[in-house]
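In what follows, every heavy atom counts, from backbone to side chain, and hydrogens, waters and symmetry copies are set aside. In what follows, chains carry the letters A, B, and so on, assigned in the order in which the sequence lines appear, proteins first and then strands, with residues in each chain numbered from 1.
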Number of protein chains: 2
Amino acid sequence: MDKFTNENNINEQTYKDLDEETLFVVSQSFKALSDPTRIRILHLLFTKEFSVNEIAECLKLRQSTVSHQLRFLKNLRLVKYRREGTTLYYSHDDEHVINMLKQTIEHALHH
Amino acid sequence: MDKFTNENNINEQTYKDLDEETLFVVSQSFKALSDPTRIRILHLLFTKEFSVNEIAECLKLRQSTVSHQLRFLKNLRLVKYRREGTTLYYSHDDEHVINMLKQTIEHALHH
DNA sequence: TTAATATATGAGTATATTATCATATATATA
DNA sequence: TATATATATGATAATATACTCATATATTAA
């Protein structure tokens, strides 16, 4: 087919699907915010940094549960930490994602 | 304990956890956007409405896969449809969520 | 070096999610 | 009414996820 005779191409809509990497990054970002435990952890970190044990205490979660979820969030670079002795203080590290979470919580609270 | 003698309450931080319903609504909203197939469907619907079969064709998905995912999205009121004969045309139905998806795709594409 | 404390990790289990097949339902038309 | 077409649904199987326990690692102080 050439462009002069292919009538079917006139007004043809060619849809450009999302590429695989974008799809992966986007889905992972939202997956991070799709779990109640991770939401609670990130929500706690809205105000200030907390150690792993403090998070566990505040939210009534096992230390290992918190640690596993923090690893998940750290892999996605949604949280970071600083060390002080044996204690690691975690804080949030992605303005875009944190803002989405804040907005959606507000949205949920007022609807 | 009363408020005059409880020294421990001085400067105590009382953290208010998210209530269960908010947690559920927020996690469900993000869960909708955490799956590559649902992202592709919603992304396709950015521009205009599509029938179930058109979505399946465009995205190379089975009709039943599309139908199941549309039900999921419809339950969360993220899509709506109008009927024309036996054909159902689906379109997006939640500006807030769609905007989050658009923003996050942009964010992913430019980083 | 030993003990104490904070955190991370591996394995196992329970549950949730997704895609698929087969089939049911609904609408339009002959 | 019978048929064709579009969509929905139920059951199943494969995979992914989240929590828990037990234990490993890392840091500090005695």
Problem - Under 4.0 angstrom between Ser67(B) side-chain N/O and dA8(D) OP1 or OP2 - result: yes
Practice task
State whether Asn53(A) places a side-chain N or O below 4.0 Å from either non-bridging phosphate oxygen (OP1 or OP2) of dT7(C).
Solution key: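 Checking dT7(C) against Asn53(A), a side-chain N or O does come within under 4.0 Å of OP1 or OP2.
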Whole angstrom is fine here: how far is it from [atom1] in [X] over to [atom2] in [N]?
X        : N       : atom1 : atom2 : answer
Leu70(B) : dA8(D)  : CG    : P     : 7 Å
Ile55(B) : dA6(D)  : CD1   : P     : 14 Å
Tyr89(B) : dT7(D)  : OH    : C1'   : 13 Å
Glu57(A) : dT7(C)  : CD    : P     : 11 Å
Leu73(B) : dT18(C) : CG    : P     : 10 Å
Arg71(B) : dA24(C) : CZ    : P     : 17 Å
Leu88(A) : dT25(D) : CG    : P     : 17 Å
Glu84(B) : dT5(D)  : CD    : C1'   : 15 Å

Problem - Side-chain donor/acceptor of Gln63(A) to base of dA6(C), under 3.5 Å - result: no
Exercise for the section: State plainly whether the residues Asp17(A) and Arg40(B) are in salt-bridge range, i.e. N to O under 4.0 Å. Expected result: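 So Asp17(A) pairs with Arg40(B) through a salt bridge.
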Practice task
Counting heavy atoms from C-beta on, name the nucleotide in dA8(D), dT27(D), dG10(C) closest to the side chain of Thr86(A).
Solution key: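 The answer is dT27(D), which lies nearest to the side chain.
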Practice task
Among dT27(D), dC21(D), dT7(D), find the nucleotide with the atom closest to the side chain of Arg83(A).
Solution key: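 My answer, after comparing the listed nucleotides, is dT27(D).
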Any protein N or O atoms within reach of nucleotides 14-19 of chain D? Criterion: under 3.5 Å, listing atom names and distances.
from	atom 1	to	atom 2	distance (Å)
dT17(D)	OP1	Lys31(A)	NZ	3.0
dA18(D)	OP1	Asp35(A)	OD1	3.4
dA18(D)	OP1	Arg38(A)	NH1	3.4
dA18(D)	OP1	Arg38(A)	NH2	2.9
dA18(D)	OP2	Arg38(A)	NH1	3.0
dC19(D)	OP1	Thr37(A)	OG1	2.5
dC19(D)	OP2	Gln69(A)	NE2	2.7

Exercise for the section: List the steps, then state whether side-chain contact (heavy atoms from CB on, under 4.5 Å) holds for Ile105(B) with Lys102(B). Expected result: CA-CA 5 Å; Ile105(B) 290 172; Lys102(B) 281 185 181 171; 5.9 Å; no
Practice task
Look at the rings of Tyr15(A) and His43(B) and say which category their plane angle falls in: under 30° parallel, 30 to 60° tilted, over 60° perpendicular.
Solution key: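 Tyr15(A) vs His43(B) ring planes: tilted.
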Handout entry: Parallel, tilted or perpendicular: ring planes of His96(A) versus His107(B), cut at 30 and 60 degrees
Key = parallel
Handout entry: 5'-most by nearest nucleotide on DNA chain D - Gly85(A) or Ser64(A)
Key =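 Its nearest nucleotide lies further toward 5', so the answer is Ser64(A).
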Practice task
Indicate, with yes or no, if the rings of Tyr81(B) and Tyr90(B) have centres closer together than 6.0 Å.
Solution key: yes
Problem - Side chains of Thr22(B) and Asp19(B) in contact at under 4.5 Å (non-hydrogen atoms) - result: yes
Handout entry: Cluster link Tyr89(B) to Ile55(B), ILVMFWY, side chain under 4.5 Å
Key =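 Different hydrophobic clusters.
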Exercise for the section: Would you indicate what Thr87(A) reaches in the nucleic acid, counting non-hydrogen atoms under 4.0 angstrom: base, sugar-phosphate, or nothing? Expected result: sugar-phosphate
Exercise for the section: Would you indicate what Tyr90(A) reaches in the nucleic acid, counting non-hydrogen atoms under 4.0 angstrom: base, sugar-phosphate, or nothing? Expected result: sugar-phosphate
Exercise for the section: Could you let me know what dT3(D) is paired to, Watson-Crick or G-U wobble, both distances under 3.5 Å, or none if it's on its own? Expected result: dA28(C)
